[in-house]
Number of protein chains: 2
Amino acid sequence: MAKAQSNTEEKIKDAARKLFVEKGFGNATTRDIAECADTNIALVNYYFRSKENLFQEVFQESFAHTFLPVARILNDDLPLEVKIYKFVDHMTEMLKRDPMMPLFVLSEMRGEHSQMCRIMLESGALESNSFQEQLNREAAKGAIRAADALQVETSLMSMVLFPFLSMNILKMKHQMDDEAFTRFVDSRKKIIPEMTLAYLRQREG
Amino acid sequence: MAKAQSNTEEKIKDAARKLFVEKGFGNATTRDIAECADTNIALVNYYFRSKENLFQEVFQESFAHTFLPVARILNDDLPLEVKIYKFVDHMTEMLKRDPMMPLFVLSEMRGEHSQMCRIMLESGALESNSFQEQLNREAAKGAIRAADALQVETSLMSMVLFPFLSMNILKMKHQMDDEAFTRFVDSRKKIIPEMTLAYLRQREG
DNA sequence: GTCTATATCGTGATAGAC
DNA sequence: GTCTATCACGATATAGAC
């Protein structure tokens, strides 16, 4: 079709992405978005039929293009140790570029309604279980203890994501500026894999 | 003063606590709260001057009485291993009783405005650093490696809190019912301390 | 203390001129 | 495609009767 991309449409999308993530779906108003995109409410509803629709269109891609590819690293074909370091590193770098995304996603998941639920399911959230198989193989070799992949994944996700989820509290409570926060999460790139591997390589208690 | 506690006032507080946590400050309406408390909007504004004020009054106590005491376990006078197991266990049990609280607190912290910020600061969020001192003593004895208390605290908090923060996604993605979720977080009571202690006891990389 | 009725405002969405 | 003007609604909050 090669339809020329309207500049206005893109500006609205960008403004929406920014404001939705910053303030949540409920607190970001159409007026905010229009003003931030240097236009007016009527045009927002001209390009997208409604606020809900705008939300949907913007986050289908945005979410599927940032979070999911990184999360899938755990199912890549890589040696266990390499994989864990790569996962933590890529996830951390992604979050440094988009630090408010995780809190946004989680808070939009409250309540059944939530457009986010549909988006997550449609984005192919159901992964393969090749990570569990890898853990089983390593355990059979005696390289690591027996471990539940879901528990390990959850721990990894927790430790990487949580500092960003609680960024505001963390900064406030420990007087961190942006630079100090970056140093903090950067040093976790080493700590988190070490902690995970120390657990896996330990004899079962 | 011994002023008789109005039953209505308590019902409103309870309703507010429930709905604020469930849907967030912005999405819980005064009408919701009034209806849920079996009364009307006028009475809500009679007892509390405004919605914001109601929020403030309800969460000053609620938050300070549930989360903070548990968080302070890390500064208790206990052997390191005992302390870590106790912290994870108590925190998990607290969260099982109030599973939506963490996501609520974090999402209310977005934006500078946020009454939550004041509440957190006033609640005595500034703890002592006795946990760091304990880690230093243990490291000096050679029992553990040198470690930053803030990093260890963050990892512990992460691993306990995150499953509750992402409860909806977790349940949806892995078809967990309430019982399965409880089993999941219960088994983390063992995994999380093991992981933390395995890291601390490991020779430095 | 409790309720009904209402004032006032901000929101999402649309009609219609250009 | 773009804008102004406006509608319909739901929100918080209050006035005033009982």
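Protein chains get the first letters and strands the later ones, always in sequence-line order, with residue 1 at the start of each.
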How many Å lie between [atom1] on [X] and [atom2] on [N], as a whole number?
X	N	atom1	atom2	result
D32(B)	dA13(D)	CG	C1'	16 Å
K51(A)	dG10(D)	NZ	C1'	13 Å
R31(B)	dA11(D)	CZ	C1'	6 Å
N27(B)	dG10(D)	CG	C1'	13 Å
I41(A)	dG1(D)	CD1	C1'	17 Å
L54(B)	dA13(D)	CG	C1'	14 Å
N40(B)	dA13(D)	CG	P	15 Å
N53(A)	dG12(C)	CG	C1'	14 Å

Would you say [N] has OP1 or OP2 under 4.0 Å from some side-chain N or O of [X]?
X	N	result
S50(A)	dG12(C)	no
T30(B)	dT12(D)	yes
T39(B)	dC3(C)	yes
N45(B)	dT14(D)	no
T8(B)	dT2(C)	yes

query: Which residue, Y46(A) or T29(A), contacts DNA chain C at a nucleotide closer to its 5' end, judged by nearest heavy atom?
result: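 Closest to the 5' end, via its nearest nucleotide, is T29(A).
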Residues [X], [Y]: salt bridge by 4.0 Å N-O rule:
X	Y	value
E57(A)	R49(A)	no
E35(B)	R31(B)	no
E93(A)	R97(A)	no

field: From CG (L43(A)) to CG (D38(A)), nearest 0.5 Å
entry: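 CG of D38(A) is found 11.5 Å from CG of L43(A).
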- request: Rounded to the nearest 0.5 Å, what's the gap from NE2 on H174(B) to CZ on F181(B)? Could you check?
  value: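 One gets 12.5 Å once the value is rounded to the nearest 0.5 Å.
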Sugar-phosphate only, base, or nothing, as touched by Y47(B) at under 4.0 Å among non-hydrogen atoms: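 Here Y47(B) touches the backbone only, sparing every base.
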